[in-house]
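These figures come from a predicted structure and were not determined experimentally.
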Amino acid sequence: MEISGIFSVDSHAAIMQTQNKENEYSQFQAILDKTMGEAAEALNDSELAQIRKAAEMFESYFLNQMFRQMRTVNFDEDGFIPRGNAERIFTEMLDEVISDQAAKQGGVGLADMLYAQMTKSFG
């Protein structure tokens, strides 16, 4: 019975998800560079929305890294059911979704502080 095809689909999905996240992080960097590189002038609504989105993306990335580090502590290494690669991929994807949703719903307040700091210099 051939089951390697199932694993390759999961792996491909995880790779695509990682590439999408890397694209989002590079968009964040581009927005941040553009925003901080401009002269101190009044920002329009579109630029303020971009700053808010960049701040939320950074908070999401921060929370995701925090979750990833918390998961490295494995209290139950010799558990009843051994953990496999599929569970690791699922857990990473779940952490990404949770961190994205948390950042959009207020998170830990990091996005608000970044937004206030970045717009204060232009105010």
Side-chain angles (χ1 to χ4, degrees):
M1 180 166 116
E2 178 83 25
I3 60 170
S4 62
I6 295 171
F7 178 72
S8 64
V9 170
D10 290 340
S11 296
H12 179 68
I15 291 169
M16 294 304 293
Q17 180 102 9
T18 302
Q19 288 173 347
N20 289 340
K21 281 294 178 187
E22 288 174 1
N23 289 339
E24 286 180 14
Y25 299 145
S26 64
Q27 288 174 356
F28 162 73
Q29 185 64 42
I31 292 169
L32 184 63
D33 290 343
K34 178 180 180 284
T35 302
M36 298 312 286
E38 294 177 349
E41 58 188 38
L43 299 171
N44 62 32
D45 292 339
S46 172
E47 291 169 328
L48 289 173
Q50 286 181 338
I51 293 171
R52 169 60 71 182
K53 181 179 178 185
E56 287 176 358
M57 289 170 68
F58 180 80
E59 183 172 15
S60 173
Y61 177 76
F62 176 80
L63 291 172
N64 190 10
Q65 291 302 312
M66 186 175 68
F67 290 147
R68 183 175 290 166
Q69 288 302 313
M70 288 184 340
R71 294 224 189 255
T72 60
V73 178
N74 192 357
F75 293 108
D76 189 24
E77 289 181 14
D78 300 324
F80 181 68
I81 300 173
R83 296 184 175 156
N85 194 35
E87 183 179 359
R88 183 187 57 79
I89 292 170
F90 174 79
T91 303
E92 288 175 3
M93 293 170 62
L94 178 65
D95 287 346
E96 288 176 9
V97 170
I98 290 171
S99 60
D100 287 343
Q101 291 300 314
K104 290 178 184 173
Q105 295 177 5
V108 294
L110 183 61
D112 294 334
M113 288 187 281
L114 286 171
Y115 178 79
Q117 185 66 34
M118 287 192 282
T119 56
K120 181 171 66 171
S121 62
F122 296 103

**Q** CZ/Arg52 to OG1/Thr119 distance, rounded to the nearest 0.5 angstrom?
**A** 8.5 Å

**Q** Holding to ring pair (Phe, Tyr, Trp, His ring centres under 6.0 Å), I want the full list of residues that pass it with Phe28, two or more places apart in sequence or in another chain.
**A** Phe58

**Q** Would you say Val97 and Val108 are hydrophobically clustered, going by side-chain heavy atoms of ILVMFWY under 4.5 Å?
**A** no

**Q** Please report the closest heavy-atom contact between Met118 and Ala55, naming both atoms and the distance.
**A** CE-CB, 4.3 Å

**Q** So do Asp45 and Gln50 actually touch side chain to side chain, heavy atoms under 4.5 Å?
**A** no

**Q** Compare every heavy atom of Leu63 with every heavy atom of Ala103, then report the nearest pair and how far apart it is.
**A** N-CD1, 4.3 Å

**Q** What verdict does the side chain to side chain contact (heavy atoms under 4.5 Å, CB included) test give for Gln117 and Leu114, after you've listed the backbone C-alpha separation in whole Å, the side-chain angles of each residue and the deciding distance to 0.1 Å?
**A** CA-CA 5 Å; Gln117 185 66 34; Leu114 286 171; 5.7 Å; no

**Q** In Å, rounded to the nearest 0.5 Å, how long is the span from CZ of Arg88 to CZ of Arg71?
**A** 12.5 Å

**Q** Could I get the full list of side chain to side chain contact (heavy atoms under 4.5 Å, CB included) partners for Tyr25, not counting sequence neighbours?
**A** Lys21, Tyr61, Asn64

**Q** I need the Asp100 CG to Asp95 CG distance, nearest 0.5 Å.
**A** 11.0 Å

**Q** Show your working on side chain to side chain contact (heavy atoms under 4.5 Å, CB included) between Thr91 and Phe67 and close with a plain yes or no.
**A** CA-CA 10 Å; Thr91 303; Phe67 290 147; over 6 Å; no

**Q** Is the side chain of Ser60 donor-acceptor paired with the backbone N or O of Glu56 at a distance under 3.5 Å, no angle test?
**A** no

**Q** Any sub-3.5 Å donor-acceptor pair from Gln101's side-chain atoms to Ile98's backbone N or O?
**A** no

**Q** Roughly how far, to the nearest 0.5 Å, is NZ of Lys53 from NZ of Lys104?
**A** 8.5 Å

